[in-house]
Amino acid sequence: MGSTAARKHIALKDFVSWFEIPAFDIHRAATFYNAIYSMEMEIGYNGDYAMAFFPAVKGIGGALVAGPGCVPNDTGTLIYLNTGDSLDDVLARVELAGGRVIMPKTMISKTAGSFALFIDSEGNRLALHEGP
């Protein structure tokens, strides 16, 4: 069990600093996300691994990653991807790009905004989020 001694709380701006979404096929996965976000991901290679980078200008970034141990799944950690104020537009492109919507746009609350759930081209379950 933990100590009863007082612990200093570390205040963090964000609890996520980077994310990686596993992929079987880096090109198929990048094509999917490029289509739903209307963007171009840069793909890089490092040994047995390939990564396609989300083009974040500022804030938290992430990548698609393919290689040993990178196994897509629909039951693990759920990542909420920001859509700004374009959730409807991004969600409308999910099935056209080869994914599947599993929960339509749903309001969380007036102060938290809305979200939707989808399965990407690789079989990962993710969420889209739009603020209030």
Subject >> Side-chain touch Ile108/Ser114, heavy atoms, less than 4.5 angstrom >> reply: no

Original post:
Under a 4.5 Å cut-off applied to non-hydrogen side-chain atoms, are Phe53 and Leu64 in contact?
Top reply: no

Checking [X] now: which residues fulfil side chain to side chain donor-acceptor pair (under 3.5 Å) with it, not counting sequence neighbours?
X: Ser38; answer: none
X: Tyr80; answer: none
X: Thr111; answer: Ser109

Taking all non-hydrogen atoms of both residues into account, name the closest pair between [X] and [Y] and its distance.
X: Pro132; Y: Ala112; result: CD-C, 4.1 Å
X: Gly84; Y: Glu130; result: O-CG, 3.2 Å
X: Ala50; Y: Ile26; result: O-CD1, 3.7 Å

Original post:
Tell me the side-chain hydrogen bond (donor to acceptor under 3.5 Å, both in side chains) pairs involving residues 45-54, sequence neighbours left out?
Top reply: His27-Tyr45

Original post:
Rounded to the nearest 0.5 Å, how far apart are CD1 of Ile60 and CG of Leu81?
Top reply: 11.5 Å

**OP:** Could you tell me the separation between the CG atom of Leu126 and the CD1 atom of Ile119, rounded to the nearest 0.5 Å?
**Re:** 8.0 Å

Original post:
Same cluster for Tyr37 and Ile43 if Ile/Leu/Val/Met/Phe/Trp/Tyr side chains link at under 4.5 Å?
Top reply: yes

Original post:
Can Ile21 be reached from Leu128 by stepping across I, L, V, M, F, W or Y side chains whose heavy atoms are under 4.5 Å apart?
Top reply: yes

For [X], what residues pass the side-chain contact (heavy atoms from CB on, under 4.5 Å) criterion, not counting sequence neighbours?
X: Glu20; value: Trp18, Met51, Val65
X: Ser121; value: Arg28, Ala29, Phe32
X: Asn34; value: Ala30, Met39, Glu40, Met41
X: Thr106; value: Met103, Phe115

Okay, side chain of [X], backbone of [Y]: is any donor-acceptor separation there less than 3.5 Å?
X: Glu122; Y: Phe24; value: yes
X: Arg125; Y: Asn73; value: no
X: His129; Y: Leu87; value: no

Subject >> Pair listing, salt bridge (charged side-chain N to carboxylate O under 4.0 Å, His left out) test, anchored in residues 58-79, at least two apart >> reply: none

**OP:** State which residues pass salt bridge (Lys or Arg N to Asp or Glu O under 4.0 Å) with Asp88; sequence neighbours excluded, sorted by chain then number.
**Re:** Lys105

Subject >> Residues that Tyr33 engages under ring-ring contact (aromatic ring centres under 6.0 Å, His included), provided they are two or more places apart >> reply: Phe54

Below 3.5 Å, can you tabulate the donor-acceptor pairs from side chains in residues 89-100 to any protein atom, sequence neighbours excluded?
{"unit_1": "Arg93", "atom_1": "NE", "unit_2": "Ala35", "atom_2": "O", "d": "3.3"}
{"unit_1": "Arg93", "atom_1": "NE", "unit_2": "Ile36", "atom_2": "O", "d": "2.9"}
{"unit_1": "Arg93", "atom_1": "NH2", "unit_2": "Ile36", "atom_2": "O", "d": "2.9"}
{"unit_1": "Glu95", "atom_1": "OE2", "unit_2": "Val101", "atom_2": "N", "d": "3.4"}

